[in-house]
Amino acid sequence: MKLIDVTNSHSHLVNNQLENTDAVFIKVFSLGSTTVIFSGAPTHQDVILQNKNRNIKNSEIHFAIENILEVNPEDVEIFPAPHLVELSIKV
């Protein structure tokens with residue numbers, strides 16, 4: 001799997017999130033057909049994995065934990081939903 005930074009292609013999303021949340025940074029990545037949104041705030045970091053065509057695979061979740069959040073999986077709160085998973089850690 002390979003993350004491709006596509007933040008510049010999502011300027012409206014980035015600006016909207018920065019204006020309406022406590023996030024201090026937003027990064028958007030492509031992981032194949034899955035969009036990955038990484039945001040950081042003073043008290044937490046979140047990763048949202050979204051795929052409009054299918055549910056998120058466990059391998060994609062583990063990849064995001066290891067390569068984006070860079071923490072132990074037991075430190076991550078995982079919130080699954082259809083076609084979406086949110087990963088959250090406190091900092």
Side-chain angles (χ1 to χ4, degrees):
M1 286 187 220
K2 183 176 179 182
L3 285 172
I4 299 170
D5 189 340
V6 294
T7 304
N8 291 338
S9 299
H10 295 276
S11 60
H12 179 63
L13 168 71
V14 171
N15 289 333
N16 190 30
Q17 289 295 307
L18 291 172
E19 290 173 3
N20 297 304
T21 67
D22 62 345
V24 293
F25 73 86
I26 307 283
K27 289 287 223 176
V28 183
F29 301 97
S30 172
L31 185 62
S33 61
T34 299
T35 301
V36 181
I37 304 166
F38 177 37
S39 64
T43 60
H44 60 94
Q45 291 183 341
D46 298 316
V47 173
I48 296 174
L49 296 103
Q50 179 184 22
N51 190 310
K52 295 179 182 179
N53 301 317
R54 61 169 172 75
N55 288 329
I56 303 300
K57 298 177 182 178
N58 284 335
S59 60
E60 293 171 317
I61 294 169
H62 293 292
F63 183 84
I65 292 170
E66 291 175 3
N67 295 283
I68 298 174
L69 294 174
E70 298 177 342
V71 296
N72 293 323
E74 56 269 3
D75 296 333
V76 179
E77 290 185 87
I78 301 173
F79 304 100
H83 304 277
L84 182 85
V85 171
E86 180 179 355
L87 309 172
S88 184
I89 62 169
K90 297 188 187 308
V91 281

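In what follows, residues are counted from 1 in the order of the sequence shown. Keep in mind that this is a model prediction, so the values were computed, not measured.
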Just by modelled atom types, is the S30 backbone N or O under 3.5 Å from a matching donor or acceptor in the T35 side chain?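 Side chain of T35 to backbone of S30, a donor-acceptor pair under 3.5 Å: no, none is there.
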Just one of V28, L69, D5, I48 clears the side chain to side chain contact (heavy atoms under 4.5 Å, CB included) bar with F38, so which one?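 It is L69, the one option of V28, L69, D5, I48 that forms the side chain to side chain contact (heavy atoms under 4.5 Å, CB included) with F38.
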Consider side chain to side chain contact (heavy atoms under 4.5 Å, CB included). Of I37, V36, T34, which one does F29 pass it with?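 For F29, the side chain to side chain contact (heavy atoms under 4.5 Å, CB included) check succeeds only for V36.
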Partners passing side-chain hydrogen bond (donor to acceptor under 3.5 Å, both in side chains) against D22 (at least two apart in sequence or in another chain):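 D22: side-chain hydrogen bond (donor to acceptor under 3.5 Å, both in side chains) contacts with H44.
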Nearest 0.5 angstrom please: I61 CD1 to I56 CD1, how far?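 I61 atom CD1 to I56 atom CD1 measures 7.0 Å (nearest 0.5 Å).
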Can you tell me how far the CD1 atom of I68 sits from the CG atom of L3, to the nearest 0.5 Å?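 Nearest 0.5 Å value for the CD1-CG distance: 4.5 Å.
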For the student: nearest non-hydrogen atoms of M1 and L31, plus distance: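 For M1 and L31, the tightest heavy-atom pair comes out as CB-CD1, 3.8 Å.
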Compare every heavy atom of F25 with every heavy atom of Q45, then report the nearest pair and how far apart it is.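 Shortest heavy-atom separation between Q45 and F25 comes out as NE2-CZ, 4.3 Å.
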Report yes or no: do V71 and F63 belong to one cluster of Ile/Leu/Val/Met/Phe/Trp/Tyr joined by side chain heavy-atom distances under 4.5 Å?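 Yes, V71 connects to F63 through the hydrophobic network.
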Are V24 and V47 connected in a single hydrophobic cluster, I mean Ile/Leu/Val/Met/Phe/Trp/Tyr linked by side-chain heavy atoms less than 4.5 Å apart?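 In one cluster: yes.
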Assess the residue pair S39 and Q17 against the criterion (side chain to side chain contact (heavy atoms under 4.5 Å, CB included)); give the C-alpha distance rounded to whole Å, side-chain angles, the decisive distance to 0.1 Å, and a yes or no. CA-CA 9 Å; S39 64; Q17 289 295 307; 5.9 Å; no
Under 3.5 Å, side-chain donor or acceptor atoms of residues 72-91 against the rest of the protein: list the pairs with distances, not counting sequence neighbours.
unit_1 : atom_1 : unit_2 : atom_2 : d
H83    : ND1    : N51    : O      : 3.1
H83    : ND1    : R54    : N      : 3.3
H83    : ND1    : R54    : O      : 3.1
S88    : OG     : D46    : OD1    : 2.7

